Structures are given as C-alpha cells and as structure tokens.
Amino acid sequence: MLKIKELHAGYGRLKILRGISLDVSQGTIVALLGGNGTGKSTLLKTISGLLPVMDGSIEFDEKDITNSKPHHIVRSGLVQVTQSKEAYPAMTVEENLMLGAFTRSDKAEIKYDLEGVYSFFPVLKDRRNMLSGTLSGGEVQMLVTGRGLMAKPKMLMLDEPSAALAPKVVLEIFANIYKISQTGVTILLVEQNVRMALLLAQYAYIIRDGHIMIEGKSEELINDPAIKEFFLGGTVTDTSKGLNA
Ligand SMILES: Nc1ncnc2c1ncn2[C@@H]1O[C@H](COP(=O)(O)OP(=O)(O)OP(=O)(O)O)[C@@H](O)[C@H]1O
Ligand SMILES: [Mg+2]
C-alpha cells in the first residue's frame, strides 16, 4: 500500500534520511522504531509532503505521491497524526475533530464518521463541548487520533502515540490502535516503546542515523539477541524501558 524507495530528505541542505526503503502492506500494522533524533518524524513528514523529497520515490495506493502537496496526500487517504499532539486548546473537542475532515465535503458521511469516532472514544463524546485545553494527556492523544480518523484514512501514520503517558493510559492507547487496525485501516506506528510496538505490529523497521538498520517480522525481532542487546545496551534509553517492562 505504501512503497518507499531509496528516499533521501532533510531540512534545507541538511540531509537526514539517506536512502530509506520501506513497505507497508494493506491491512497491516508496521512499526518504525529507533532512538531520539534518528529521523523517524522526518520520514513521516516527508511521506506527508511536508518536507521535499531530495531523491527516491514514494508510492501510495499504487499512485506516485513523491512531492505531492500535503492536502492531496491526505485526500488520497494517507493521514499523519503528528508527534507534537497539537490540539487547539481554545477550541472544543468537537471543533478539533471536525478540523480533521477539512479535505472532505460529504456532510452526511462526516456526521456518521464523527459518531464513529465517539463510539471509539466515548470519553471524547462526554467532553465534546469542552475546550480541548482541559483534556488530560491520554485524552489529547485520543483527540488527535480521532481527528486523523475524521479524514477517513486508508492508512494512518502515528508518531509516538504513547510518549509521555502513564503506563495504564499507554495500554489503552495501544488497544485503540489495534481496534483501529481491525476496522481495515493500515497503520505505520512510530514508537520508542519497542516491546509494545513489536507485540502489536506484524513487521518492523529499525532506523538509525537516517538508515534502516534492521527490518523483519516482529516475532523474529522480539527474540533476536542482537536487538535485545542494542535496545538494552543503553544506546536508546527510552526503548530499554520498553524491553524491561
Ligand atoms: N526543523 C528542523 N530543522 C533542522 N533539523 C531538524 C529539524 N527537525 C529535526 N531536525 C533534525 O533531524 C534529525 C532527526 O530528527 P527527527 O525529529 O526526525 O528524529 P526522531 O527520530 O523523530 O526523534 P524523536 O524520537 O526524538 O522524536 C535530528 O538530528 C534533528 O535535530
Ligand atoms: Mg520524532
């Protein structure tokens, strides 16, 4: 569904991604793992059309989207939930959710999908008229994910959805990602919680210094001594917590 070939990208003349190739098959959850500053968000931003492609190609749903405009990419069904978890604090929960539907004009279906998001995240329904600035961290994560769903994605890219959340909330977030995937939405999941991400995903890529260092089936990676050593060795501190958990 998503096919990335030999992608090079970065900021201005600063190259961060140096030849990334990555595939996500329809209906799967694929994890993209790696430590701080290795290029995970840069990759998602480039796929979303927010950063220019310097070299290589990106194909989504059998169409070339290399250097397509961000709103075209969203409209084609490829939607990113950013790491910064930006909900507009002075807007209500429902107003924030409706922003996700900005590329759509099918009013009746938008209303239907809003109810769908509310049945996924009942707490958002309870808080629909509250300012999103009053939500807890876990609720904001649900809100930004719900906003992504309002774009009617075929594929959702989630950038560290579990970051900075309490362990109990993290479990809930991962359960929700599983539920979303069960509805047929393909998922590319960026995480530092390596163990949880490998349990959820079928396939994973580990990125380091703008390269794919290792890729493979999750069940193979989770038992790979080299992976354990790499993530437990202190190179990636946050992830080692994930593996120790
Ligand atoms: N706007 C920017 N301008 C210049 N360099 C940037 C910019 N944003 C990120 N970088 C650099 O690009 C590299 C990769 O950053 P990126 O945000 O992709 O990492 P990441 O893997 O998402 O890390 P994290 O897990 O901390 O979110 C880092 O060296 C970072 O300093
Ligand atoms: Mg990041």
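Predicted model only: the values in this text are computed from it and were never measured. Note: hydrogens, waters and symmetry copies are ignored here, and every other heavy atom, side chains too, is used. Counting starts at 1 for both ligands and their atoms, following the listed order. The first residue of the sequence shown is numbered 1, and numbering continues consecutively from there.
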### Query
Mind checking whether Tyr205 and Leu33 have side chains closer than 4.5 Å, heavy atoms only?
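Sidechains of Leu33 and Tyr205: no contact.
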### Sub-4.0 Å protein heavy atom near atom 9 (C) of ligand 1
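Flag for atom 9 (C) of ligand 1 set to true, protein heavy atom closer than 4.0 Å.
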### Query
Are there protein heavy-atom neighbours of atom 31 (O) of ligand 1 below 4.0 Å?
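So atom 31 (O) of ligand 1 lacks protein heavy-atom neighbours under 4.0 Å.
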#### Entry: side chain to side chain contact (heavy atoms under 4.5 Å, CB included) evaluation trace for Ile187 with Met155
CA-CA 6 Å; Ile187 290 177; Met155 178 170 163; over 6 Å; no
### Query
Which is closest to atom 26 (O) of ligand 1 by heavy-atom distance: Leu17, Thr46, Asn36, Leu14?
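The nearest heavy atom belongs to Asn36.
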### Message
If you take the nearest heavy atom of each of Gly37, Gly12, Ser41, Gly35, which one is closest to atom 22 (O) of ligand 1?
### Response
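Considering heavy atoms of Gly37, Gly12, Ser41, Gly35, the nearest to atom 22 (O) of ligand 1 sits in Ser41.
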### Shortest non-hydrogen contact from Thr103 toward His71
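Result for this residue pair: CG2-O, 4.1 Å.
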### Query
Per the side-chain contact (heavy atoms from CB on, under 4.5 Å) rule, which among Thr38, Leu43, Thr42 passes with Lys40?
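The passing option is Thr38.
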### side-chain contact (heavy atoms from CB on, under 4.5 Å) partner of Thr145, the single match among Asn176, Ile180, Ile173
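The passing option is Ile180.
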### Task
Assess Gly34 for proximity to ligand 1: is some non-hydrogen atom of it under 4.0 Å away?
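Gly34: no contact with ligand 1 (<4.0 Å).
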### Ligand-side contact atoms (ligand 1) for residue partner Gly39, heavy atom cut-off under 4.0 Å
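With Gly39 as reference, the close atoms of ligand 1 come out as 14 (C), 18 (O), 19 (O), 20 (P), 21 (O).
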### Query
Short list, please: which atoms of ligand 1 are under 4.0 Å from a heavy atom of Glu160?
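Under 4.0 Å from Glu160, ligand 1 has these atoms: 24 (P), 25 (O), 27 (O).
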### Message
Tell me the protein heavy atom at minimum distance from atom 18 (O) of ligand 1, and give that distance in Å.
### Response
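The closest heavy atom on the protein side is Thr42 OG1, 2.5 Å.
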### Query
Of the protein's non-hydrogen atoms, which lies at the shortest distance from atom 5 (N) of ligand 1, and what is that distance?
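Residue, atom and distance for the closest contact: Tyr11 CD1, 3.5 Å.
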### Message
Under a 3.5 Å threshold, yes or no: a donor from one side chain and an acceptor from the other, between Tyr118 and Glu94?
### Response
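The criterion, which ignores hydrogens and geometry beyond distance, is satisfied for Glu94 and Tyr118.
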### Task
Quickly, which of Asp159, Thr46, Thr82 forms a side chain to side chain donor-acceptor pair (under 3.5 Å) with Ser41? Name it, please.
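The option that passes is Asp159.
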### 2.8 Å cut-off met by an N, O or S atom of Gln83 to the Mg ion (ligand 2)
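It does; at least one qualifying atom falls short of 2.8 Å.
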### Task
Assess Asn36: does it contribute an N, O or S atom lying under 2.8 Å from the Mg ion (ligand 2)?
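Short answer: no, not a single N, O or S atom is under the cut-off.
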#### Entry: Ile16, portion touching ligand 1 at heavy-atom distance under 4.0 Å
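The answer is the side chain of Ile16.
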### Task
May I have the step-by-step check of side chain to side chain donor-acceptor pair (under 3.5 Å) for Tyr11 and Lys45, ending in yes or no?
CA-CA 11 Å; Tyr11 303 89; Lys45 283 187 247 174; 3.0 Å; yes
